[in-house]
Amino acid sequence: MRDLTRRTLLRGMIGGAAVTLALPPLERFLNTHGTAYADTGASGFPLRFGLFTWGNGVVPERWVPPLTGSGDDWELSDELAPLAPHKDQLTVISGLNVPFSGEGEPHFETACRFMVGKPLLMNGDDWTFSGPTFDQVYAKVLGEGARFASIEFGVNPKSHVGLTYTGPFSPNPAEMDPFALFERIFGGSFSLPGDGPQEVDPSLGIQRSVLDVVMEQITSVKSVVSAADKIRLDQHFEGIRSIEKQLAALQETPPNLAACKYPDTPEFAYELEEGMKPYKTMNAAFANIIAHAMVCDQTRVFTNSFTGAVQNSSLFPGFEESHHSLTHFEPDPQPLVHECTVFCIVALEQQIAALAALPEGDGSLLDHMVMMGTSDCAEGKIHSGVDFPIVLAGSADGRLKTNTHWRSTTGDLATRVPLTVGRVLGLDLPSFGEEEHEATKSIDEVLV
Amino acid sequence: MGRTYSVSRRTFGFYWGCTGLVLLTMLGCEDGTDSVAPPLEETTNDSEPSLEDEDASSQSVEETPKNWKDNWEPAEPVLRRLTRSQYGNVLQDIFGDKLVIPTSLEPDSRSHGLMAVGASINGLSPVGVEKYFSAAKAVSKQVINQAELRSMHLECAEGADVADAACLNELLDTYGRQLWRRPLTQGEKDELLTLAVEAQEAMTTALPGIETLLTGLLLSPHFLYIMTPTLPGEERTLYSGQAMASRISFFLWNSAPDEELLTAAEEGLLDSPEGLEEQVARMITDPRTRRGMRAFFTDWWELDLLDGLLKDPKTFPHFYAKLGMDAREETLRFMEEIVFDNPTDIRNLYTSTTTFVNPPLASIYQIPSPTIEGFGQVELDPNAERAGVLGQVSFLATQAHPTRPSPTLRGVFVREKLLCLSMPPPPANVDTTVPETSLDAPTIKEILEVHMKEPSCAVCHAMTDPIGLGFERFDGIGRYRLLENGVPIDPTGSLDKIDFEDARGLGRAVAEHSRSVPCVVSTAWIYANGRGLSSDDNHVLKDLEIRFEESGYQLLSLLAEIAVHPAFLETREGQP
């Protein structure tokens, strides 16, 4: 009886269009290899996506690898050198641009045009991303099968204005505390597969009933508010629905995922190092937690916002100026800016290493996903969108050509990358971006 | 501006005339002008500074209409979600100090410079919803499991494992009404009661019904959003008494209405000017207004940035982990002195030499500490350069970098926050680095002068740097210094053509700037309404400025004027 009520209610309005949602996600467990689904690769494991972002761009001359090609034909650049242990798994894409005339909020304008495919939405002096970023576009499809549609975290993201948005005025705030992230995923009613048949927590059903009532209330409030507030309440409704889905997943028997185990418990609190956050220690903890969450199929999409743009208030250890200040004050050729970029790429290496370290099937978790590293702009000094920095890791079950550097010689659109990656992950994307940012052609040169 | 103020307010009498004087008398101020501290000199600079003319957001001073109402249309209603501090205050007011308030909630972010406005614009992420869910469960569990909370709030269920229907009903009437800021309808009660019964049947834990009931109340949109229903009217749409109760209590207390205010709303007392005035006067003298103003100034002056204040300890040996917290406490106590304890002209915020320090702050200020532990009041040397909020660590350390101060950030703060003049964003695709030779320049002033020579930079830097450089004798955590790299620092400068000798003179220039008072008024109005300014708001702001002047620029008087202003009662169609 209660289930019936719930199902009739589970109709959200997403972006103005009615979407009916399949429930319950029992089918997820019908086949432990999941080969029956569109979103799984040839290996039978679900395809996943990870995004790693850092603020303030790169030093382009030291970012772009000098040679193009595959295998031994190309070598890593100075700034990509920390990724050497994973060179076999990398696809570096360069020479792509984010068209941008110079109007708007510099750091976030380029990021929004790349990640949403449209300019920022300005609202008086304020701004917001104008739509969902590509990680959220992917999560909408890939995330349906997992407990969490996507998970966002990071050591030092710009608070509440990171680079991932569900829609206008709706950033996805990053969890900044590794322990809280651990608790969110592995605490509470979570149990490992193979822990044997457990009694299902009887409160889960009651909690779901509470959510049903709240969803009805949101629906009734929605009928009397402005159009803008309706969208906000729709998002709220979606959030409740996603908890409902999480609880439903917890009520089911966990799938038999051989690699699934608890990650090491992170520190409850992290001591400052030289007066600043211990970036590397915290990032390693985050990277390890999210990798375990992926092999346990708790989520299939994540964003690690290592650092945010601007952020004059924080120093990397050993530096006397913030990364952002240096981009604007250090004379060319900006050796310290280069070192800051390398500091961020070392953290990207930590994230890739954590994914590569977990065995899954015949390979590792990294083999069954695409991991993308990028920033809010190309060159911090001038907030440019020219030669946007993009590095991919993982082949998505052999679909991406790895150990490759491909460079556009025509200064093509950077939005071709989100389009290509989306298609590699199995999304049916006719295009990505709008108007001058609209990409319709995959980058076939990096596909197998 | 001076001319506008000289027009008698009675010309503008509307609805109920002399509210301001009535309230001032209630607050113990016999006269709106004479009983206040010596007013700052009125600015004689009538000409608008040229930089302002290009500024889209600065409200040009037009001929004040005969009646603010003539050209005024109310703005669309907004749906505000509780901010994190409101969420905590409401729960504390209802359940008391013994409740551990959940703090892990969706972060607030600013629109139009205020989190109070962000609350009516920003969406809620899926994680944010999860956090509300965890918080609701955590609060319910505490009320059930903590003996003290249980005996205080769940008397009707004392000693029972399950609650009877009468007890559940009673709880809904009490806590449902307080949390939702209105009585629940029978239909709403039935729905929650059904849940409670379901829980009691399914679970073996103690009082699962009450726990479920409370979780349901706390996760409801009726709790999380400030609902402001309207009254049907022929010509105008007014907020209902229930809506006004929430509007004035979140404005003044940053929390939900108390029992008396809820009752007044239910009895229709807020529908009359006298009833509303009576409640506002009561509320303003209530200690909760201090808490409310702490929230207002935290929002306005971005004191939340002090939460994670990090500085390079090698550069600043005086920096310590709690400095941010202490600096905020100093500024808030300082604000309370000028707003509540010794109410004076609000512009003293920029000039007063009174402040409150604890030993570590005293050591940063290089003055003897008035206490061995905790905060004490001090009078700063009136001839020293440190005065007003702009001489405090809270401002000097947040508008700075980890190793050095930022004249540009400090200048932006003065212009945007204190004078409400908007700045264009920095240009993109422009090389912002400075030539190497200038890095050898001894002080930041020489380095920034490079920006002044580049036209695309100068547009903005000319608006900010001459102001910010006035604070250069305060380093990145606000300690006084005379030299930078061995060279004397020159703190002279000008603020929109008002020259100043040093930071103290700069504070005075801010206080005397023609935008200083209007900025206080418009910020308070935006904060009270939770929305950005509409073009029609200008008329209301002018009216409020006149009333504010008559009070001798006392903030409490302005709060009262806003809370009972006819424009604050009126809205457009629509809202639950």
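Residue numbers start from 1 in every chain, and the chains themselves are labelled A, B, ... in the order their sequence lines are given, proteins ahead of strands. Atom set for the values below is all heavy atoms of this structure, side chains included, hydrogens, waters and symmetry mates excluded.
If you check the side chains of B:T403 and B:T315, you find no donor sitting under 3.5 Å from an acceptor.
Residues A:P119 and A:E109 come closest through the heavy atom pair CA-OE2, 3.4 Å. The minimum heavy-atom distance linking A:H324 with A:V310 is given by the pair CB-O, 2.6 Å. Heavy atoms only, all atoms of each residue included: A:E216 and B:E191 are closest at OE1-OE2, 2.8 Å.
Counting only heavy atoms from C-beta outward, the side chains of B:L213 and B:L195 never approach each other to under 4.5 Å.
With a 4.5 angstrom heavy-atom cutoff, A:L211 touches chain B only via side-chain atoms. Proximity to chain A (any heavy atom under 4.5 Å) is restricted, for B:K137, to the side chain, taken from C-beta onward. A:S314 touches chain B through its backbone: at least one of N, CA, C or O sits under 4.5 Å from a heavy atom, while the side chain does not. With a 4.5 Å cut-off on non-hydrogen atoms, B:L224 touches chain A through its side chain but not through its backbone. Of the two parts of B:E76, only the side chain, counted from C-beta on, holds a non-hydrogen atom closer than 4.5 Å to a non-hydrogen atom of chain A. If you measure heavy-atom distances from A:E175 to chain B, the contacts under 4.5 Å come from the side chain alone. In this structure, no portion of A:E379 lies under 4.5 Å from any heavy atom of chain B. For A:I151, no part sits under 4.5 Å from any heavy atom of chain B, backbone or side chain. Only the side chain of A:I243 comes within contact range of chain B, with at least one heavy atom under 4.5 Å from a heavy atom of that chain.
Your options are B:G216, B:G113, B:S111, B:G532, and the one with the most heavy-atom pairs under 4.5 Å with chain A is B:S111. Most heavy-atom pairs under 4.5 Å with chain A: of the set B:S120, B:P126, B:G118, this distinction falls to B:S120. Among A:E152, A:R184, A:K277, the residue making the largest number of heavy-atom pairs under 4.5 Å with chain B is A:R184. Counting heavy-atom pairs closer than 4.5 Å to chain A, the top residue among B:R81, B:E188, B:E130 is B:E130.
A salt bridge links A:E321 to B:R404: at least one charged side-chain nitrogen sits closer than 4.0 Å to a carboxylate oxygen. Note on B:R110 versus B:D304: salt bridge recorded, some NZ/NE/NH1/NH2 to OD/OE distance being below 4.0 Å.
Under the 30°/60° scheme for interplanar angles, the aromatic rings of B:Y225 and A:H236 are found to be tilted.
Panel note: side chain B:R410, backbone B:A400; no donor-acceptor pair is recorded below 3.5 Å.
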